[in-house]
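In what follows, a single structure is set out as structure tokens and then discussed.
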Amino acid sequence: MDFQLNKEQKDIQKAAREFAEGEFRDIARDCDLNESVPRSLLKKGADLGFVGVFIPEEYGGAGLGFFEHAIILEEFWRVDPGIGQMFCSLTFGSEELILFGTEEQKKTYLPQLVQNEAIMGFAITEPGAGSDAASGTTQAVLDGDEWVINGNKVMIGGGTVGDFLVVFCLTDPESPSKSKRHSIILVETNRKGYDAQKITGKMGLRASDTANIFFSDVRVPKTNLIGTQGAGFFQLMNFFDRSRSYVSAHGVGLSQGALDMAIKHVKTREQFGQKLAAFQVTQFKIAEMATKVELARSLAHRAASLLDSGVVDTKLIAMAKWNAGRTAVEVVDEALQLHGGYGYMDDHDIERFYRAAKVLEIYEGTKEVEKIIIGRRLLGRF
């Protein structure tokens, strides 16, 4: 068992860190205030090879793994969660194309993502179907050679800037099995009847695009079906096994960034005639925070590495995701506490990190859902 990154992975980590440090830090606060990321920055990141590294080489990607994708996102989130999230969103849902798409679909859409000629998203959540994805009611009805889609999705990444989305649709409502009623269909956002309304004023990750989406008789070709009709829920669960592995890296990166800021602050801030770092209580806090970050990183790296080796351990992935979210919330809370009143002001980056952390316990499977997955895998049927 080797816990060291290989040379290529170290080079990727170093390059991602230098890019984020050089390009994100000076504009991060403005991106948060303006609730957007310059397309030129996204394009630059793509040109440097940071987008879609897990996409196979034959479709324009680097042919690496979700571990390398996670390494990049960890470094991006360490510098700024909002911009880091936007970079993650660029290829979000492409796993469906890689795992279940036709050769034509892969050749048509995947290269566009790697080159940042297109942005995509995955439309899953609905007003009445969050954790209970199988209750989604956005419906796709086959009319000749076209799917006609009607419904509403909420809190969808890339909804207003995306060029196409993969959409979780109800296609077989009469199926006796709830898990066999949905399919996944690709929808280009320039289709008539597609409407996206940008969500503003989010608690955190404001730089990333999020939207409510409305489908009103949106027509797409029958060939836009990804995978098998009625197998959408199964395909969605396969997607979560990938996405949760690198969303775990979001939590690790945010935690590390918060820890970095806390260390810098306590080594410079003085109270009672000495640096905050000189107080034992401060040293204990830093020690506990650092240990939590390392534990989260080890678990997240293990889950992603196993995934790339062909071992899809849903339980371990859920553990990594739940733990990383919890770690982010706990570490950033202590980091802000160490900043005192300064941490409560928006001219200190820790405030932005604090606002961003909570969503890690909500999206891509709430912490409660992750614990249900872990418990059921351990206990089995009883």
Side-chain angles (χ1 to χ4, degrees), residues 89 92-93 95-96 99-100 121-141 147 149-159 165-187 196-197 199 202-203 205 210-215 225-248 250-251 312 314-326 358-382:
S89 295
F92 196 69
E95 296 88 345
E96 291 293 343
L99 292 170
F100 305 107
F122 199 164
I124 306 167
T125 305
E126 298 187 8
S131 296
D132 184 15
S135 291
T137 59
T138 293
Q139 190 164 25
V141 177
W147 293 103
I149 304 173
N150 285 280
N152 175 205
K153 299 289 185 177
V154 296
M155 299 177 283
I156 305 304
L165 307 177
V166 285
V167 185
F168 188 67
C169 297
L170 180 66
T171 55
D172 300 81
E174 303 304 319
S175 174
S177 174
K178 188 177 180 180
S179 61
K180 296 181 180 179
R181 296 174 183 171
H182 295 79
S183 304
I184 294 174
I185 299 172
L186 189 144
V187 178
Q197 298 178 1
I199 297 173
K202 292 180 296 186
M203 179 178 174
L205 302 185
T210 311
N212 293 326
I213 297 173
F214 303 88
F215 301 93
L225 173 72
I226 298 176
T228 305
Q229 182 175 337
F233 186 77
F234 165 79
Q235 294 173 199
L236 178 63
M237 294 304 105
N238 274 265
F239 163 76
F240 281 141
D241 279 333
R242 276 77 186 168
S243 66
R244 286 170 179 163
S245 72
Y246 55 77
V247 168
S248 301
H250 296 182
V312 183
T314 300
K315 168 178 56 62
L316 185 67
I317 292 167
M319 287 177 175
K321 197 276 180 185
W322 165 55
N323 183 63
R326 180 185 64 174
K358 185 58 188 177
V359 77
L360 292 166
E361 293 191 314
I362 300 172
Y363 71 3
E364 289 307 287
T366 64
K367 60 183 180 180
E368 292 82 7
V369 165
E370 304 302 347
K371 285 188 275 190
I372 288 171
I373 292 169
I374 297 164
R376 287 180 176 174
R377 294 281 172 155
L378 291 170
L379 296 170
R381 295 185 178 276
F382 56 89

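Bear in mind that the values here come from a model prediction, so they are computed numbers and not experimental data. Numbering starts at 1 and runs along the sequence shown.
Counting heavy atoms from C-beta outward, Asp241 and Met237 have side chains that stay 4.5 Å or more apart. The shortest distance between side-chain heavy atoms of Phe240 and Val369 does not fall below 4.5 Å. In this structure, Leu205 and Thr210 have side chains that are not in contact, with every pair of non-hydrogen atoms separated by 4.5 Å or more. Between Ile213 and Thr138 the shortest side-chain heavy-atom distance does not fall below 4.5 Å. Using a 4.5 Å heavy-atom cutoff, the side chains of Phe215 and Gln139 are not in contact. Between Ser135 and Lys178 the shortest side-chain heavy-atom distance falls below 4.5 Å.
Note: Thr228 OG1 to Ile226 CD1 = 11.5 Å, rounded to the nearest 0.5 Å. In this structure, CD on Glu96 lies 5.5 Å from CD on Gln235, to the nearest 0.5 angstrom. To the nearest 0.5 Å, atoms CG (Asn323) and CG (Leu360) are separated by 12.0 Å. Rounding to the nearest 0.5 Å gives a distance of 10.5 Å between CZ of Phe100 and CD of Glu95. Here the straight-line distance linking atom CZ of Phe233 with atom OG of Ser177 works out to 9.0 Å at 0.5 Å rounding. Between atom CH2 of residue Trp147 and atom OG of residue Ser183 there is a gap of 5.5 Å, rounded to the nearest 0.5 Å.
The closest donor-acceptor contact from the side chain of Lys367 to the backbone of Trp322 lies at 3.5 Å or more, if one exists at all. With Arg181 contributing its side chain and Ser175 its backbone, the two residues share a donor-acceptor pair below 3.5 Å.
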Does the side chain to side chain contact (heavy atoms under 4.5 Å, CB included) test come out yes or no for Glu364 and Tyr246, once each step is laid out? CA-CA 10 Å; Glu364 289 307 287; Tyr246 55 77; over 6 Å; no
Yes or no on side chain to side chain contact (heavy atoms under 4.5 Å, CB included) for Ile373 and Arg244, after CA distance, side-chain angles and deciding distance? CA-CA 13 Å; Ile373 292 169; Arg244 286 170 179 163; 3.3 Å; yes
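For Met203 against Lys358, the heavy-atom pair with the smallest separation is CE-CB, 4.5 Å. Here the closest non-hydrogen pair linking Thr366 and Ser131 is CG2-OG, 3.8 Å. Between Leu236 and Ile184, the shortest heavy-atom distance links the atoms N-CD1, 4.2 Å. Residues Gly159 and Ala196 share a closest heavy-atom pair of O-CB, 3.2 Å. Looking at every heavy atom in both residues, Ser245 comes nearest to Arg242 through OG-O, 2.5 Å. What you find for Asn152 and Phe214 is that their closest heavy atoms are ND2-CE2, 3.5 Å.
Judged purely by distance below 3.5 Å, without hydrogens or angles, the side chains of Lys321 and Ser243 never pair a donor atom with an acceptor atom.
Of the candidates Lys180, Gln229, His182, Gln229 is the only one forming a side chain to side chain donor-acceptor pair (under 3.5 Å) with Asp172.
Few gaps surround NZ on Lys202; more than 12 heavy atoms of other groups in view lie less than 6.0 Å from it.
Taking the six-membered ring where tryptophan is involved, the planes of Phe239 and Phe122 are perpendicular, since the angle between them exceeds 60° and thus also 30°.
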